[in-house]
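Just below is one structure, and these are the notes that go with it.
Note that these values count all heavy atoms, side chains included, but never hydrogens, waters or copies made by symmetry. The model shown is predicted, which means the values in this text are computed figures rather than measured ones.
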Amino acid sequence: MRGEADININRVDWATVIIYFSLVMVGWFNIYAAVYDGQAEKSIFDFAINSGKQLVWIGTAIGIIIVIMAADHRLFENLAIPIYLIFIVLLLLTPFLGKEVNGQVLSIGFGSVRIQAGEFAKFATALALAKVMERPTFDLSKSNYQLQAFGVLLLPVALIILQPDTGTAMVYFSLLLMFYREGLPQHYFILGFGMIALTLLALGIDNNIYLVIGISIITIILIFLGKRTPQRIIAFSLIGIGLIVYTYSLDFVISKLPEHQQNRIMVLFDPNIDPLGVGWNVTQSKIAIGSGGLAGKGYLQGTQTKFDFVPEQHTDFIFCTLGEEFGWLGSLVVISLFVGLLYRLVIMAERQKNRFSRIYGYSVISILLFHFMINIAMTIGLFPVVGIPLPFFSYGGSSLWSFTMLLFIFIKMDSSRALQLGRLG
């Protein structure tokens with residue numbers, strides 16, 4: 001008779017594990033390429049440079065994986081709320097105990113060992129939401145349950161914005177995709193995407209009068225499409241007026257942001273606004289990716305990389321190193337690995353035997369999808385530069401550890417699904 005450990009090992013989704021290690025190792029080689037300056041004596045194993053440091057993070061990440069896989073699968077469910085509260089406390093302490101870098105207080109720790117609580121709070125929030133929403137009676141179509149879910153979600157968001165770290169705070173809203181899977185009414189998403197479209201139009205169009213005319217026409221059409229009751233006319237009129245006020249208030253809101261954040265937003269529409277700052281980053285990133293052509297210049301042969309044209313190329317802009325040295329084909333391989341990972345995770349989430357595991361699984365999918373899409377969109381100029389790392393790929397211990405925990409907690413849950421006694425939900 002097999003023990004629980006044997007069952008778990010046999011049920012591990014090894015395809016997902018292989019994709020994880022493939023991304024980590026390809027990322028490691030690209031981190032070395034990003035810091036390589038043509039000096040052969042700088043080995044990839046040199047602990048004085050980023051590739052050597054990342055190797056240490058990879059080794060410790062493997063230790064984290066072993067601990068997670070050896071733990072009882074019920075541990076994460078039982079400790080979901082305590083883990084969440086611990087990271088809420090760490091987020092509260094970060095502005096007071098953290099180290100300030102470029103006007104942001106993101107990490108806390110002692111000496112050379114520092115962690116970004118905002119990164120680790122992602123998996124903690126996913127666990128807490130899964131715990132709160134696992135009850136069979138929990139119904140996201142009802143307002144009281146919506147308030148509970150949004151309360152758990154927005155608390156870390158508010159604390160992270162205070163640091164301020166808008167990019168990390170944005171990631172948490174990706175969990176709305178999980179909310180949608182679990183029954184959140186679709187009008188929230190229609191409203192959300194509508195506001196995003198309106199925001200982009202308001203920022204990209206010089207004269208807002210055209211938007212005012214468009215909003216007015218759409219409002220009138222919506223009123224006349226249905227029953228013209230006083231309540232309907234008043235409701236749609238108020239919505240239309242609210243959207244017009246929002247359109248004109250955007251300039252005021254953006255003017256109150258720090259200058260570097262204003263530039264990150266506006267450079268999306270005009271790279272010349274900050275040509276030597278954010279505009280420089282994006283322009284050089286696109287040059288690096290474009291210069292790679294079909295098959296790239298070859299490993300360690302990237303000129304944009306070697307001469308440090310792209311700042312932060314080992315972290316947020318790591319994808320342009322890949323594009324320059326391995327070209328379209330190399331980029332396609334890495335993108336395919338990410339797509340394959342997300343596909344496997346969807347399959348795993350749908351086969352869970354209880355709501356807790358399924359909800360957590362879709363939270364993992366939402367967070368990884370957001371990071372993957374926004375990071376690549378950022379490096380090719382389709383999204384403002386918001387400091388979003390590429391999962392398992394970008395340099396950094398906090399990033400690698402947090403994504404590893406996020407993923408392997410779910411792999412552990414999936415490997416133990418035969419032992420779960422919860423409802424299918």
Side-chain angles (χ1 to χ4, degrees), residues 8 11-13 16-17 19-20 64-65 67-88 118-140 145-146 148-157 171-184 341-372 391-392 401-425:
N8 290 349
R11 288 183 175 270
V12 168
D13 195 282
T16 302
V17 175
I19 294 174
Y20 163 83
I64 290 171
I65 292 170
V67 171
I68 290 173
M69 297 306 293
D72 190 306
H73 70 278
R74 293 164 294 190
L75 179 68
F76 307 107
E77 183 173 355
N78 295 335
L79 295 181
I81 300 302
I83 290 172
Y84 174 76
L85 294 176
I86 287 170
F87 282 102
I88 291 299
E119 290 291 334
F120 289 94
K122 294 171 190 174
F123 85 85
T125 302
L127 285 172
L129 284 170
K131 186 64 177 177
V132 169
M133 296 170 59
E134 72 170 344
R135 304 191 307 273
T137 56
F138 196 96
D139 185 357
L140 272 177
Y145 293 110
Q146 292 171 14
Q148 293 178 40
F150 279 109
V152 174
L153 175 64
L154 294 178
L155 179 56
V157 170
V171 175
Y172 287 76
F173 289 104
S174 68
L175 292 169
L176 292 175
L177 293 174
M178 178 272 288
F179 283 8
Y180 180 70
R181 168 62 181 82
E182 295 303 316
L184 186 69
L341 175 64
L342 292 167
Y343 174 72
R344 290 302 313 165
L345 291 175
V346 170
I347 292 175
M348 290 163 62
E350 285 297 327
R351 71 190 182 195
Q352 296 310 300
K353 295 183 177 295
N354 63 14
R355 293 190 69 180
F356 180 87
S357 299
R358 188 186 68 212
I359 291 168
Y360 181 80
Y362 271 101
S363 298
V364 175
I365 294 165
S366 301
I367 292 170
L368 292 180
L369 176 64
F370 185 89
H371 270 273
F372 163 62
F392 316 118
W401 286 356
S402 63
F403 284 125
T404 298
M405 290 179 182
L406 180 77
L407 177 62
F408 275 88
I409 287 174
F410 183 48
I411 291 175
K412 172 63 180 181
M413 291 178 184
D414 179 67
S415 70
S416 304
R417 64 187 182 277
L419 305 172
Q420 297 168 1
L421 302 176
R423 290 180 171 83
L424 289 172

Item checked: Validation row: Val152, Lys131 side chains within 4.5 angstrom (heavy atoms) -> no
Check: How long is the span from the CD1 atom in Ile68 to the CD1 atom in Ile411, to the nearest 0.5 Å?
Finding: 9.0 Å
Item checked: Leu176 and Phe150, any side-chain heavy atoms less than 4.5 Å apart -> yes
Checklist line | Distance (rounded to the nearest 0.5 Å) between Phe123 CZ and Phe87 CZ | finding: 4.5 Å
Checklist line | Residue pair Tyr362 / Leu177, side-chain heavy-atom distance below 4.5 Å | finding: no
Item checked: Phe173/Phe370 aromatic ring centres below 6.0 Å -> no
Checklist line | Interatomic spacing from CD in Gln148 to CZ in Arg135 - rounded to 0.5 Å | finding: 5.0 Å
Check: Given the rule in the side-chain contact (heavy atoms from CB on, under 4.5 Å) test, do Phe403 and Leu368 qualify, once you have shown the distances and angles that lead to the verdict?
Finding: CA-CA 8 Å; Phe403 284 125; Leu368 292 180; 3.8 Å; yes
Notebook entry, point to check: Between Gln352, Glu350, Glu182, which is the residue that forms a side-chain hydrogen bond (donor to acceptor under 3.5 Å, both in side chains) with Arg358?
Noted result: Glu182
Notebook entry, point to check: Of all heavy-atom pairs between Pro391 and Phe372, which one has the smallest distance, and what is that distance?
Noted result: CD-N, 4.2 Å
Next item on the list: Look up atom CG in Asp72 and atom NZ in Lys412, then write down how far apart they are to the nearest 0.5 Å.
Entry: 7.0 Å
Note to self: Could you tell me if the side chain of Ile365 sits less than 4.5 Å from the side chain of Val346, heavy atoms only?
What the structure shows: yes
Notebook entry, point to check: What closest approach, in Å, do Phe356 and Glu134 show between heavy atoms, and which atom pair accounts for it?
Noted result: CB-OE1, 3.4 Å
Checklist line | Non-hydrogen atoms of Tyr20 and Leu407 that approach each other most closely | finding: CD1-CD2, 3.8 Å
Item checked: Exercise: identify the closest heavy-atom pair between Thr404 and Phe392 -> N-CE2, 4.1 Å
Item checked: Pair Tyr360 + Phe76: ring centers closer than 6.0 Å -> no
Check: Closest heavy-atom contact between Val132 and Phe138?
Finding: O-CD1, 3.4 Å
Note to self: Using 0.5 Å steps for rounding, measure from the CD1 atom of Ile65 to the CD1 atom of Ile409.
What the structure shows: 11.5 Å
Item checked: Residues, nucleotides or ligands: over 12 heavy atoms within 6.0 Å of Tyr180 OH -> no
Note to self: Can you give me the closest heavy-atom contact between Leu127 and Ala80, atom names plus distance?
What the structure shows: O-CB, 3.6 Å
Checklist line | Distance in Å, Lys353 NZ paired with Asp414 CG, rounded so as to fall on 0.5 Å steps | finding: 10.5 Å
Notebook entry, point to check: Between Met413 and Asn354, is any pair of side-chain heavy atoms under 4.5 Å apart?
Noted result: no
Note to self: Less than 4.5 Å apart, side chain to side chain, heavy atoms only: is that true for Phe179 and Ser366?
What the structure shows: no
Check: Given side chains that start at C-beta, do those of Ser415 and Asp13 come closer than 4.5 Å, heavy atoms only?
Finding: no
